[in-house]
Structure formats: structure tokens, C-alpha cells
K.L.:
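So that we are looking at the same thing, I have put the structure below in C-alpha cells.
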Amino acid sequence: MRVVIPPLALWLGLAGLLPFLASVAAAWLAPLAWQAVAVRAFLGYGAVILSFLGGVQWGVAMCRERPGEAPFRRRMLLAMVPSLVAWPALLLHPLTGAWVLAIGFVLVRLHELSREGGARLPGWYHALRRPLTLVVLACHALLIWRLWGS
């Protein structure tokens, strides 16, 4: 059975990749003075999006779980982890911060693919998140490669 991603969700998801793509391109191609700005912009946006993904789980808990039951408590608690990883990543050296954010994106995706983490997410969400996560991780790899040589 083919999963159909709602067009608005698809377009918004793709639009959400633009800051990653633009800032990692600038980290490589912009004049040197702007490259540092591009790196900070990339990391800041990555932290925002990682936090947003935690908010998705928070929203699922509020709308689809029964308050007071174990799945609700677990989902609410785990929904906070991405923000608690993302914010400190901004305080680290940019190379370390990029690694922390990349690992955060991998862990969020693994949680979404787990039985419990993905239990109440619509099928189209998984179909959307797969390519978005791959692009985000590729952008992180490019930024890490750029920073490794600095």
C-alpha cells in the first residue's frame, strides 16, 4: 500500500530543509567572514528543528495518549530530551555541537521508528521524515567535514 503524504506537509517539510541547505552551502562557499555566521546559523536552526521534533511527540501525547498512564508519561518525558540535547549543543565548540545535533537527529528518528515512539504517528509522517532526516544528516556531515578542516 502506497502512503500519500499530505501535500502541505510535504511542501512545509521540504521548505524546512532550505535553511540547512543554504547555511551549509554558505559554510563552504561564502567569503571567510560569513562562513562563521553560516555555521552559527546552521547550528541554531538545527537546535530549533531538533526541539520541534520533540514537540511532535509532546503533541502526540496530548492528543492520543491517556493522561496518567505509562505511555503518556514516557512520551511526555522523552519529548523533552531533544530540547535538552539541542540547547547545550549551541554552547559547545561548533564541531562538537554539530556532532551532538547529528546524534540527536539519529536518536529521534530511531525513537520514531521504535514500537512505542511510532505507535501513534500517522504512516505518512514516517514517509515524510525518512528523506528529511537523510538530507538533514547529509548536511550535518558536510558541516562536520568543513569544520574538521578548520
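Heavy atoms only: backbone and side chains are in, while hydrogens, waters and symmetry mates are out.
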K.L.:
In the structure I gave you, are the side-chain heavy atoms of Val56 and Val108 within less than 4.5 Å of one another anywhere?
P.N.:
no

K.L.:
Would you find a donor on one side and an acceptor on the other, under 3.5 Å apart, between the side chain of Arg120 and the backbone of Val60?
P.N.:
no

K.L.:
Donor-acceptor pairs under 3.5 Å, side chain of residues 78-92 to any protein atom, not counting sequence neighbours: which ones?
P.N.:
{"from": "Ser83", "atom 1": "OG", "to": "Ser51", "atom 2": "OG", "distance (Å)": "3.4"}

K.L.:
side-chain contact (heavy atoms from CB on, under 4.5 Å) for Leu143 and Leu95? Distances and angles first, verdict last.
P.N.:
CA-CA 8 Å; Leu143 184 71; Leu95 178 59; over 6 Å; no

K.L.:
Among residues at least two apart in sequence or on other chains, which ones pass side-chain contact (heavy atoms from CB on, under 4.5 Å) with Ala9?
P.N.:
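For Ala9, the residues satisfying side-chain contact (heavy atoms from CB on, under 4.5 Å) (neighbours in sequence not counted) are Ile5, Pro6, Trp124, Leu128.
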
K.L.:
Are Leu110 and Leu134 connected in a single hydrophobic cluster, I mean Ile/Leu/Val/Met/Phe/Trp/Tyr linked by side-chain heavy atoms less than 4.5 Å apart?
P.N.:
no

K.L.:
In Å, rounded to the nearest 0.5 Å, how long is the span from OH of Tyr45 to SG of Cys139?
P.N.:
10.5 Å

K.L.:
Between atom CG of Leu50 and atom CD1 of Ile103, what is the distance when rounded to the nearest 0.5 Å?
P.N.:
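With rounding to 0.5 Å, CG (Leu50) is 11.5 Å from CD1 (Ile103).
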
K.L.:
Indicate the atoms forming the closest heavy-atom contact of Ile144 with Ala98, along with that distance.
P.N.:
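Distance-wise, the nearest heavy atoms are CG1-CB, 3.7 Å.
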
K.L.:
Report the hydrophobic cluster partners of Trp11, with the cluster defined as I, L, V, M, F, W, Y residues connected by side-chain heavy atoms closer than 4.5 angstrom, directly or transitively.
P.N.:
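None, because no other hydrophobic side chain comes under 4.5 Å of this residue.
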
K.L.:
Test of understanding: with side chain to side chain donor-acceptor pair (under 3.5 Å), list the residues that count as partners of Glu112, not counting sequence neighbours.
P.N.:
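Partners of Glu112 by the side chain to side chain donor-acceptor pair (under 3.5 Å) criterion, ordered by chain and then number, come out as Arg109, Tyr125, Arg129.
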
K.L.:
Can you list the residues that meet the side chain to side chain donor-acceptor pair (under 3.5 Å) rule with Arg73, with sequence neighbours excluded?
P.N.:
none

K.L.:
If you group Ile, Leu, Val, Met, Phe, Trp and Tyr whenever their side-chain heavy atoms sit less than 4.5 Å apart, what else falls in with Val37?
P.N.:
Trp34

K.L.:
Do Leu121 and Phe52 sit in one hydrophobic cluster, given that two such residues count as connected whenever their side-chain heavy atoms are within less than 4.5 Å of each other, even indirectly?
P.N.:
yes

K.L.:
Less than 4.5 Å apart, any side-chain heavy atom of Leu101 and any of Leu43?
P.N.:
yes

K.L.:
Can you list every pair that meets side chain to side chain donor-acceptor pair (under 3.5 Å) and has a residue in residues 88-97, with sequence neighbours left out?
P.N.:
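Matches after skipping sequence neighbours: none remain.
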
K.L.:
Quick one: ring-ring contact (aromatic ring centres under 6.0 Å, His included) pairs with a partner in residues 100-119, sequence neighbours left out?
P.N.:
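Found Phe105-His140.
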
K.L.:
Kindly write out the residues that satisfy side-chain contact (heavy atoms from CB on, under 4.5 Å) with Phe72, not counting sequence neighbours, or none if the list is empty.
P.N.:
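In terms of side-chain contact (heavy atoms from CB on, under 4.5 Å), with neighbours along the sequence ignored, Phe72 is linked to Ala61, Glu65, Pro67, Met76.
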
K.L.:
Name all residues meeting the ring-ring contact (aromatic ring centres under 6.0 Å, His included) criterion together with Trp28; count only those two or more places apart in sequence or in a different chain, and write none if there are none.
P.N.:
Trp145

K.L.:
In this structure, would Leu8 and Ile49 fall into the same cluster of hydrophobic residues linked by side-chain contacts under 4.5 Å?
P.N.:
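In one cluster: no.
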
K.L.:
May I have the list of side-chain donor-acceptor pairs in residues 13-24 shorter than 3.5 Å, sequence neighbours left out?
P.N.:
{"from": "Ser23", "atom 1": "OG", "to": "Pro19", "atom 2": "O", "distance (Å)": "2.6"}
{"from": "Ser23", "atom 1": "OG", "to": "Phe20", "atom 2": "O", "distance (Å)": "3.4"}

K.L.:
Give the cluster check for Val135 versus Leu142: same hydrophobic cluster or not, with ILVMFWY residues linked at side-chain heavy-atom distances below 4.5 Å.
P.N.:
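Yes, same cluster.
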
K.L.:
Please report the shortest heavy-atom distance between Pro94 and Val39, naming the atom on each side.
P.N.:
CB-CG1, 3.8 Å

K.L.:
For Arg74, enumerate each residue passing the salt bridge (Lys or Arg N to Asp or Glu O under 4.0 Å) test, keeping only those at least two apart in sequence or located in another chain.
P.N.:
Glu116

